[in-house]
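By convention in this document, chain letters (A, B, ...) are assigned in the order of the sequence lines, proteins followed by strands, and residues within each chain are numbered from 1.
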Amino acid sequence: MSAFQDKFDQAVWRVVAGIVPGTVMGYGEVARAAGFPRHARMVSRAMGRSAAPLPWYRVVRSNRTLAFTPGSEAWLRQKSLLESEGVQLKNGKVICAVQTDSVDLDRLLWGPAEE
DNA sequence: CCCTTGACTATCT
DNA sequence: GAGATAGCCAAGG
């Protein structure tokens with residue numbers, strides 16, 4: 001396991017786990033909050049490697065659409081989960097989620113952190 | 001080592 | 001607003 005992967009994984013996990021319920025973040029935002037601005041695509045890989053259950057469904061695309069192909073099982077699953085979190089959707093698009101913009105999240109996650 | 005893939009994103013047409 | 005193109009970067013074959 002690469003050192004890069006190890007650090008990246010943990011950073012991503014912490015960020016995703018710290019997403020406030022009822023809100024969503026983009027892959028790019030998560031990557032940026034984790035300290036890897038260019039690794040939006042690696043976020044998905046990191047989450048897939050997570051042993052602990054992560055609120056992956058709170059991670060959406062930059063345009064606030066769901067992460068998967070519309071109509072697919074995963075897509076429906078994510079939609080249901082988000083709705084149960086209180087996120088309001090419109091035809092598969094998030095219309096009313098608090099925009100964290102990684103500010104409070106950044107402080108929340110990286111304040112007492114090591115390194 | 002080369003090539004393809006991907007739960008991405010931004011930009012142009 | 002939808003489709004194509006180009007960057008992006010690590011992982012896996």
Taking the C1' atom of each, how far is C:dC8 from B:dG6, in whole Å? 12 Å

For A:Arg32 and B:dC8, what is the distance between atoms CZ and P respectively, to the nearest whole Å? 17 Å

What one-letter contact string describes nucleotides 7-13 of chain C from 5' to 3', where B marks a base within less than 4.0 Å of any protein heavy atom, S marks contact via sugar-phosphate atoms alone, and - marks no contact? BBBSS--

Between B:dC8 atom C1' and A:Met25 atom CE, what is the distance in whole Å? 14 Å

Roughly how many Å is it from CG in A:Asn63 to C1' in C:dG3, rounded to a whole number? 14 Å

How long is the span from the NZ atom in A:Lys93 to the CZ atom in A:Arg61, to the nearest 0.5 Å? 11.0 Å

Taking 4.0 Å as the cut-off, does a side-chain nitrogen or oxygen of A:Ser44 come that near to OP1 or OP2 on B:dC8? no

About how many Å separate CG of A:Leu66 and CZ of A:Arg77, when rounded to the nearest 0.5 Å? 12.5 Å

Side-chain contact test, heavy atoms from C-beta onward, threshold under 4.5 Å: evaluate it for A:Met47 versus A:Val12 and give yes or no. yes

To the nearest 0.5 Å, atom CZ of A:Arg45 lies from atom NE2 of A:His39 at 11.5 Å

Please check: side-chain N/O of A:Glu85 versus main-chain N/O of A:Val20, any donor-acceptor pairing under 3.5 Å? no

Between the CZ atom in A:Phe68 and the CD atom in A:Glu73, the distance rounded to the nearest 0.5 Å is 11.5 Å

To the nearest angstrom, the CZ-C1' distance between A:Arg64 and B:dC8 comes to 17 Å

Provide, to the nearest angstrom, the distance between the CZ atom belonging to A:Phe36 and the C1' atom belonging to B:dC8. 17 Å

For the pair made of CZ in A:Arg61 and P in B:dG6, what is the distance, rounded to whole Å? 12 Å

Nucleotide B:dA7, atom P - distance to CD1 of A:Ile19 in whole Å: 18 Å

